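Note that the structure is a prediction, hence the values are computed from the model and not measured. What's counted below: heavy atoms across the whole structure, side chains too, no hydrogens, waters or symmetry copies. Numbers here simply count residues along the sequence, with the first being 1.
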Amino acid sequence: MYKLKLTTEKVPAKNSKIAATLVFFTDRVKEKTFIIRIKTTYGVTIPLEVLKNMKANGAPVVFHAASQKAEYLFVKKVTADKEFTKDYFRNFFAGFLKAVADIKADTLHIELPAYSLFDKHFASAIALYQSCVEGLHYGNYDFDKYKKREDAPQALNVSFEASNRKELKAAIEKGNKVMTAVAFTRDLQNEPGNVLYPHTLAERIKKQFAGTGVRVTILNEKALKAKKMGGILAVGSGSIHPPRLVVLEYSPRGAKKHIALVGKGVTFDSGGISLKPASDMGEMKADMSGAAVVAGTLFAAAQLKLPVRITGVIPSAENLPSGSSFRPGDIVTTSSGKTIEVDNTDAEGRIILADALHFASQKKPDAIIDLATLTGACVVALGEFVAGLFTKNDTMADQLTASGQDTFERLWRLPLWDDFHMLNKSDVADVKNIGGRWGGAISAAKFLENWVNEDIPWTHLDIAGPAMAHKFSSYSQPYMTGFGVRLLVDYLEKV
């Protein structure tokens, strides 16, 4: 939409074609006092009745200022009431950018409200301001590279003003880096399946990390065979585009923790021989969302110079039906030596993750987190905007849940009791790849557990709902969302 530049330095009105200003009206300020200040500062008279009738959850009111200081003035009412959440400003700014585009403004000045009004909701002024920065980046994201464009993107200079100037600068710097990683993640998710194959995904990740200090290793089909990664090879056997395993290694000096992130990278999932219904199959270009999130998180960590060692493991395959596809009834041997009875080829993500989780376990990290658009059952259980969390480690559960609340990329813990192992029992192999109709998200998590060293704390995040476009916020539509990057960055900062 825009070539966005965020700063704390206000652009003089004479240097812009169309200038806009946004101010927030809070319930801590008397209405007449606010009216006088706006008249004095911006030369705009706001009728008292208009101010009284503003709703905190309503759209901002725009005034045509026609002055030297601002051509358009937006006034938004905000109240820290029971409906207010940590996502309020992020969600508002994501939608607000359209209003700025409608008036064709090229400069935008934003007066942010005082942190003291919202200190019960945000841990710091940086957290408040960063949510605003993130909202603007979300609102500015689009995926129109395959549309014919007549003009280059217009520049928009956004200047923020806040009482905590030092914290504001830090929030802009951090928010820019995190959201660059989120945009990279979303770009991968939104690429069509005829562009992003396992090998092109691997090469795109390698290109993104050039010069970052992150080591990228790509295992091709020959290397996968040498490592006996039968799970990844089986799932990719039906495609003319062979599978890959991408390993990312971020190793800052002095790191005291080592976290492994594993992400499912099925670049397109037709279901294989167990073919999916045609309806909405196009969304399965984003069945590599877990892989995209792992790559995006590593990129953010490198940009932020997080003091934690991170190993990213991305198994990638394309699940298509053909004469060489794996079949229901097949028995697959994974790199750990454990065997899988294939009951349904559309439960393929867990099969490639089996090899990847075993590979990650061999690195002996302090903890493993995997992310996958694994089951529709999780969406049925929790809805579209919540990810399922599965772990036996209470500390990890608490830490990740807290990060989910702080970033508003929310998680809900589901049981991982050993009773559920019976659902994946096979008469002919060590484990079966699908557990039946009931508790589908849980049986999938229990399947994955078989390939993790029991001495390593492990958490599985089923992001099948929130990774996909949905209508629960102004920034989660119409494109794939990048859900999980902000969550994991917050977790890694605190681990």
Side-chain angles (χ1 to χ4, degrees), residues 6 8 22-31 33-34 37 51-60 74-96 110-139 160-175 178-179 182 383 385-387 389 394-395 397-413 466 472-476 483-495:
L6 309 183
T8 58
L22 169 68
V23 296
F24 289 91
F25 171 58
T26 70
D27 53 2
R28 298 279 187 91
V29 178
K30 292 182 179 180
E31 292 160 345
T33 301
F34 183 79
R37 186 178 78 81
L51 204 59
K52 285 184 175 181
N53 291 329
M54 283 187 188
K55 305 293 184 183
N57 58 351
F74 291 90
V75 180
K76 169 66 176 174
K77 183 175 182 180
V78 57
T79 304
D81 56 14
K82 63 180 181 180
E83 295 183 2
F84 185 89
T85 70
K86 292 179 180 180
D87 200 46
Y88 183 94
F89 290 107
R90 184 182 298 109
N91 191 48
F92 164 71
F93 276 107
F96 175 65
I110 301 170
E111 287 187 14
L112 292 174
Y115 166 64
S116 59
L117 301 176
F118 306 99
D119 56 4
K120 291 183 180 179
H121 298 274
F122 296 94
S124 67
I126 292 178
L128 166 60
Y129 301 150
Q130 186 178 332
S131 73
C132 302
V133 172
E134 290 170 354
L136 285 176
H137 279 285
Y138 273 125
F160 287 101
E161 180 181 342
S163 55
N164 305 67
R165 186 178 174 85
K166 181 179 179 181
E167 289 85 350
L168 177 58
K169 283 187 173 182
I172 292 174
E173 182 179 358
K174 182 181 176 184
V178 171
M179 293 309 294
V182 171
F385 62 90
V386 185
L389 182 154
D394 291 339
T395 299
D398 292 344
Q399 290 172 332
L400 284 163
T401 299
S403 289
Q405 292 298 114
D406 285 343
T407 59
F408 225 69
E409 293 196 325
R410 290 169 291 178
L411 309 173
W412 193 258
R413 191 178 185 181
F472 282 90
S473 72
S474 58
Y475 58 84
S476 60
F483 177 98
V485 174
R486 293 188 298 105
L487 162 75
L488 289 179
V489 167
D490 188 84
Y491 167 79
L492 292 167
E493 285 178 321
K494 298 170 181 176
V495 72

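Between the side chain of Lys77 and the backbone N or O of Pro60 there is no donor-acceptor pair closer than 3.5 Å. No side-chain donor-acceptor contact under 3.5 Å links Gln130 to the backbone of Gly175. Formation of a donor-acceptor pair under 3.5 Å by the Tyr115 side chain with backbone atoms of Ala162 is not found in this model. The backbone N or O of Lys169 sits nowhere less than 3.5 Å from a side-chain atom of Lys174 that would complete a donor-acceptor pair.
Here the straight-line distance linking atom OG of Ser131 with atom CG of Asp406 works out to 11.5 Å at 0.5 Å rounding. In this structure, OG1 on Thr79 lies 10.5 Å from CZ on Arg28, to the nearest 0.5 angstrom. Between Leu400 atom CG and Leu488 atom CG the span is 7.0 Å, to the nearest 0.5 Å. Atom CZ of Arg486 is separated from atom CE of Met179 by 6.5 Å, given to the nearest 0.5 angstrom. Arg413 contributes atom CZ, which lies 7.0 Å from atom CG of Asp398 (distance to the nearest 0.5 angstrom). Remark: Tyr129 OH to Leu112 CG distance equals 6.5 Å, nearest 0.5 Å.
Nearest heavy-atom pair across Glu409 and Tyr138 is OE2-OH, 3.9 Å. Across every non-hydrogen atom of Leu411 and Val386, the tightest pair is C-CG1, 4.0 Å. Ala171 and Val133 make their closest contact through O-CG2, 4.2 Å (heavy atoms, listed as atom of the first residue, atom of the second, distance). In terms of heavy-atom proximity, Ser474 sits nearest to Asn91 at OG-O, 2.5 Å. The shortest non-hydrogen separation linking Lys76 to Ala56 is NZ-O, 3.1 Å. Looking at every heavy atom in both residues, Leu487 comes nearest to Thr407 through CA-OG1, 3.8 Å.
For Phe24 and Phe89, the gap between ring centers is short of 6.0 Å. Ring centroid separation for the pair Tyr88 and Phe118 does not come in under the 6.0 Å cut-off.
Here the side chains of Phe92 and Val78 are not in contact, with every heavy-atom distance at 4.5 Å or above. Asp27 is not listed as a side-chain neighbour of Asp81, based on a closest heavy-atom distance of 4.5 Å or more.
Partner of Tyr475 under the side-chain contact (heavy atoms from CB on, under 4.5 Å) criterion, out of His137, Arg90, Glu134: Arg90 alone.
Heavy-atom contacts from other residues, nucleotides or ligands closer than 6.0 Å to CD of Glu31 number more than 12. Within 6.0 Å of atom NZ in Lys494, more than 12 heavy atoms from other residues, nucleotides or ligands are found, so the atom counts as buried in its surroundings.
One finds no salt bridge joining Asp87 and Arg410 here, because no Lys/Arg side-chain nitrogen approaches an Asp/Glu carboxylate oxygen to under 4.0 Å.
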Query - Stepwise side-chain contact (heavy atoms from CB on, under 4.5 Å) test for Ile110 and Phe93 - result: CA-CA 11 Å; Ile110 301 170; Phe93 276 107; 3.6 Å; yes
